[in-house]
Amino acid sequence: MIFQSELDLKVARIDVLNETLKRFHLVSAGGEFLPPAPPGSHLTFLLNPRDGEVIKNSYSVVSPTLIRDHYEIVVRKAADSRGGSKFFHEDVKEGNLLKAKAPRSNFSVHSLARKSILIAGGIGITPIISLLDEIKRRRCKVELHVICGQSDRLALEALLADEALAGPNFYEGRNNCSIGKILAGQPLGTHLYICGPFNLMRHVQEVAHELGYPSSNVHIESFGATIGNAFNVKVEGLNKEISVGESESLLETLEREGIEAPFSCRGGACGQCVVRVVEGEVDHRDFFLSDEQRAAGNCMTPCVSRASGRALTIAIK
Amino acid sequence: MDAMISRPRYDRLSLGLGRTHLLIIQGSELPLGCLASSVTLDDFDEIWKVVSCSSVLPEPGSAEKQFRSANHLTIALCHRLSSETMGLRVYVVGEESFVWDINAQCRRFGLGNDEIHVFAPYHGARRVRCAHCRAYTTNCQNTIVTCDGCGATLLVRDHFSRFWNAYQGFQIDSEEPGVVPESVAFRS
Ligand code: FES
């Protein structure tokens with residue numbers, strides 16, 4: 001099963017962690033070993049909540065890389081869920097079959113890091129958990145900072161209980177955590193790993209930048225969905241104008257229209273989906289493009305970024 | 001040998017984003033043409049120079065420091081890097097072997113590619129590492145050199161190893177015994 005790109009998975013067990021968090025244990029439907037999930041990897045599920053509609057949602061694998069008989073994922077039921085997390089929470093039952101793409105990692109541990117600072121916002125803890133094993137194996141110094149709501153704290157602490165990590169720092173709410181204090185005065189060779197809400201990740205990125213962290217030392221994982229204004233898109237070479245709705249991404253619209261577009265994280269972190277912008281202004285919401293690339297305005301990540309105006313013309317590589 | 005050229009290429013130094021910018025110069029003056037047109041010496045927070053002179057005195061607290069030798073500077077740099085924090089950028093100007101030695105020290109302390117910038121305006125003479133006895137022979141000017149370690153006659157390949165900070169030299173006629181190509185002066 002190692003080289004298979006699409007996996008048939010069976011839900012072996014569901015643990016309810018709290019009102020909004022569930023952990024799913026997934027095994028191979030055929031009983032074989034599963035492909036290894038490298039540190040920081042995610043599974044992209046091809047969900048079918050209603051007939052005919054396919055939703056692609058990515059979730060981090062929180063079980064250790066060397067475990068090959070099952071994967072574990074933790075899903076938070078998003079208040080504004082467009083189907084993915086709601087489907088997992090309400091419809092998926094033990095014994096159900098799910099389709100997913102083989103695990104892929106865009107969030108690996110930097111081999112030369114001398115210290116790793118992990119910052120998680122709420123359920124953003126999941127990709128961070130999948131790095132911890134590797135960081136410990138490398139005997140790299142580590143600090144873990146978790147910012148979450150009061151109601152999630154117990155569940156997140158329980159998720160970290162197996163990790164035998166000295167003193168994860170918990171902060172209840174953003175206002176109780178000073179990112180500047182965490183990042184200032186860190187030794188040379190420090191790498192940052194961040195996952196959480198868009199504003200938190202942007203803030204950490206900006207503070208790191210101001211303190212002189214090179215962007216190659218700042219690693220971001222994001223599965224964020226975006227909502228915003230509706231707009232129209234022309235795809236160069238195809239005689240077609242498509243409409244992106246307020247609650248869908250440009251990538252989802254392209255897929256709905258049967259236009260093949262590459263992707264991996266679906267959260268603006270990996271850059272796999274970058275397309276060329278031929279005309280129109282972009283509202284960039286990714287963490288991948290550099291300031292120069294954004295200013296040049298000739299490319300965008302359709303998984304999260306949108307048109308600033310009403311129309312865009314793009315070209316898919 | 002032209003087919004195997006793999007020498008470092010150097011771009012003039014421009015200032016990256018950073019909290020503190022430290023310029024290290026091998027020599028008492030910065031040679032012309034090392035800095036990008038938008039950069040001046042005033043843009044650096046500190047300048048450290050290897051002046052190769054025994055009469056220099058330590059100048060604590062000054063933004064410009066002079067060192068008696070490359071070793072003298074390297075010891076001070078390692079001491080500094082061991083307690084330095086994120087945001088430092090190091091720029092190095094000098095002979096090729098000097099800039100890559102400093103680069104290696106910086107990397108030992110965790111600085112990455114985006115945090116160290118090197119520029120070697122004069123890289124005609126080469127440091128050569130013997131593939132057989134692993135000794136280094138310095139200041140080599142031609143494609144054929146005698147190894148300082150084992151006395152072998154080495155052909156210097158046009159390949160610079162960042163790991164060893166040297167060009168690789170191997171037994172001149174190892175492919176075809178007795179066949180010795182002409183010795184050619186290195187182009188800088
Ligand atoms: S799929 Fe990763 S940035 Fe778009």
Taking [X] for its side chain and [Y] for its backbone only, find out whether a donor-acceptor pair lies under 3.5 Å.
{"X": "D286(A)", "Y": "M300(A)", "answer": "no"}
{"X": "T65(A)", "Y": "A37(A)", "answer": "yes"}
{"X": "Y136(B)", "Y": "W164(B)", "answer": "yes"}

Residue-level contacts of residues 15-33 of chain B with chain A, using a heavy-atom cutoff under 4.5 Å: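 Counting heavy atoms that sit under 4.5 Å from chain A, the residues of residues 15-33 of chain B involved are L17(B), G18(B), R19(B).
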
Per-residue contacts, residues 67-89 of chain B versus chain A, heavy atoms under 4.5 Å: L81(B), E84(B), T85(B), M86(B), G87(B), L88(B), R89(B)

Neighbour count above 12 (heavy atom, 6.0 Å) for N176(A) CG: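 Yes, CG of N176(A) has more than 12 neighbouring heavy atoms, counting only those of other groups under 6.0 Å.
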
Enclosure of R12(B) CZ (heavy-atom neighbours >12, cutoff 6.0 Å):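 For R12(B), atom CZ is not crowded (no more than 12 foreign heavy atoms under 6.0 Å).
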
Could you grab the distance from atom [atom1] of [X] to atom [atom2] of [Y], nearest 0.5 Å is fine?
{"X": "L192(A)", "Y": "H219(A)", "atom1": "CG", "atom2": "NE2", "result": "7.5 Å"}
{"X": "R127(B)", "Y": "E96(B)", "atom1": "CZ", "atom2": "CD", "result": "9.5 Å"}
{"X": "R7(B)", "Y": "D158(B)", "atom1": "CZ", "atom2": "CG", "result": "4.5 Å"}

Mutual orientation of the aromatic rings belonging to W100(B) and Y10(B) [parallel < 30°, tilted 30-60°, perpendicular > 60°]: tilted

Cation-pi check, R126(B) onto F186(B) ring (under 6.0 Å, within 45° of axis): yes

Face-on cation placement of R202(A) at F287(A) ring, 6.0 Å and 45° thresholds: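 Yes, a cation-pi geometry holds between R202(A) and F287(A).
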
Chi angles and distances behind the side-chain contact (heavy atoms from CB on, under 4.5 Å) call for T40(B), D43(B): CA-CA 6 Å; T40(B) 71; D43(B) 293 327; 3.7 Å; yes

Test salt bridge (charged side-chain N to carboxylate O under 4.0 Å, His left out) applied to E206(A) - qualifying residues, sequence neighbours left out: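 E206(A) satisfies salt bridge (charged side-chain N to carboxylate O under 4.0 Å, His left out) with no other residue.
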
Chain B-proximal positions within residues 104-112 of chain A [heavy-atom distance under 4.5 Å]: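 Near chain B, by residue number: L112(A).
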
Side chain to side chain, R129(B) and S161(B), heavy atoms closer than 4.5 Å: no

Most contacts with chain A, counted as non-hydrogen pairs under 4.5 angstrom, among C106(B), G112(B), G110(B): G110(B)

Residue, of A208(A), G185(A), A184(A), that accumulates the most heavy atom pairs under 4.5 Å with chain B: G185(A)

